[in-house]
Novice: 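Let me begin by handing over the structure; questions about it come next.
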Amino acid sequence: MKTFDFRHAESVDDAVNAATHGATYFAGGTNLFDLMKTGVEQPSALIDLRRLAMTSITTTDGGGAFIEAGVTNSAMANHSLIRRHYPVVSHAILSGATTQLRNMATAGGNVLQRTRCPYFMQNAFSECNKRKPGSGCAAINGFHREHAIFGASEHCVAVHPSDMAVALAMLDAVVHVQNTTGRRHIPIGQFFALPGQTPEIDNTLQPHDLIVGIELPPSGFSDHCWYLKVRDRHSYAFALVSVAAGLHIEGGEITGAALALGGVAAKPWRLYEAESSLIGQRPDAHAFHAAAAIAMADAQPLTQNAFKVDLGRHSIVRALTLAAVDRGTDSSV
Ligand code: SF4
């Protein structure tokens with residue numbers, strides 16, 4: 001393995017300063033270490049963020065929640081504020097990885113994890129535009145059963161692996177970042193990048209940006225939400241398709257809806273047209289099937305993953321059906 005320097009950051013400013021001198025941010029390391037072991041990532045220095053005490057979850061002045069970037073996935077999923085007001089986030093997190101990984105992985109790192117496309121994860125494969133720009137995409141003519149059906153390009157068809165990010169996208173979360181010029185906010189819908197001509201770029205962070213927290217808006221669809229994950233085995237597997245669904249229901253009518261898909265694109269895929277179709281409808285099978293048909297109408301599957309279109313349609317109906325069940329203040333996950 002290539003050697004590298006390692007030290008703990010004394011403050012956020014110290015961490016950002018270290019990044020400007022070439023260091024890579026390190027928190028849980030659950031994805032970064034995998035990539036370092038295979039040589040995909042070869043940092044010359046790591047700046048460890050774990051002593052910065054960015055580990056709290058608080059209520060915001062506007063009635064939402066702010067999750068500091070160093071909160072572990074386990075702590076976030078099990079926090080009373082998240083369980084009560086954002087159960088879809090708890091569901092999503094607990095459906096991913098393993099207990100051991102969730103105990104190490106952080107909120108900030110979760111949204112930064114790289115695709116698990118097998119051609120990206122191994123340096124032995126010569127073609128991967130995301131890992132080695134201009135080298136080609138081995139997946140397009142190779143194994144792509146688990147790859148994208150929305151938003152892909154001729155240069156990359158990978159999907160984003162995060163479950164948590166799908167719930168964050170459904171909730172219109174906001175990512176807070178800091179660099180040498182100060183802090184700024186990035187709506188989650190503008191955070192992830194589609195591959196286009198530059199598949200090596202996963203998100204809209206600028207060089208040296210450090211994620212310091214994630215803000216959730218007041219409305220968590222807490223009474224009517226669901227995260228459904230469909231995968232090849234029941235645990236420790238990435239989604240073939242996942243759905244984060246939230247509904248507001250008043251007087252037997254849908255007054256608000258939010259839907260996002262995972263496992264289908266390089267970013268969590270919001271379904272705005274399908275959401276609009278639900279407004280004013282009764283929360284029944286007719287409305288859910290119609291929304292699901294709209295949601296999947298523009299899918300562009302590859303030869304091995306056309307099954308994701310039907311799977312997505314059925315998963316949307318199932319997630320909406322489960323979300324429509326009135327759970328009141330039940331925070332169980
Ligand atoms: Fe690389 Fe993307 Fe192609 Fe996978 S799909 S081989 S990550 S360029």
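All ligand and atom numbering here is 1-based and tracks the order in the structure.
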Novice: Tell me whether the count of non-hydrogen atoms from other residues, nucleotides or ligands lying under 6.0 Å of CZ in Arg282 goes above 12.
Specialist: no
Novice: Kindly indicate, with the supporting measurements, whether the criterion salt bridge (Lys or Arg N to Asp or Glu O under 4.0 Å) is fulfilled by Asp209 and Arg184.
Specialist: CA-CA 10 Å; Asp209 275 351; Arg184 68 184 199 287; 2.6 Å; yes
Novice: List-wise, which protein N, O or S atoms are found short of 2.8 Å from atom 3 (Fe) of ligand 1?
Specialist: Cys137 SG
Novice: Is the number of heavy atoms from other residues, nucleotides or ligands within 6.0 Å of CZ (Arg318) greater than 12?
Specialist: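 Counting other residues, nucleotides and ligands, CZ of Arg318 stays at 12 neighbours or fewer.
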Novice: Can the ring centroids of His8 and Phe6 be said to lie less than 6.0 angstrom from one another?
Specialist: yes
Novice: Run through Arg114, Lys2, Arg131 and flag the one making a salt bridge (charged side-chain N to carboxylate O under 4.0 Å, His left out) with Glu41.
Specialist: Arg114
Novice: Determine which pairs satisfy ring pair (Phe, Tyr, Trp, His ring centres under 6.0 Å) with at least one residue from residues 185-221, sequence neighbours left out, and list them in order.
Specialist: His160-Phe192, His176-His185, Phe221-His248
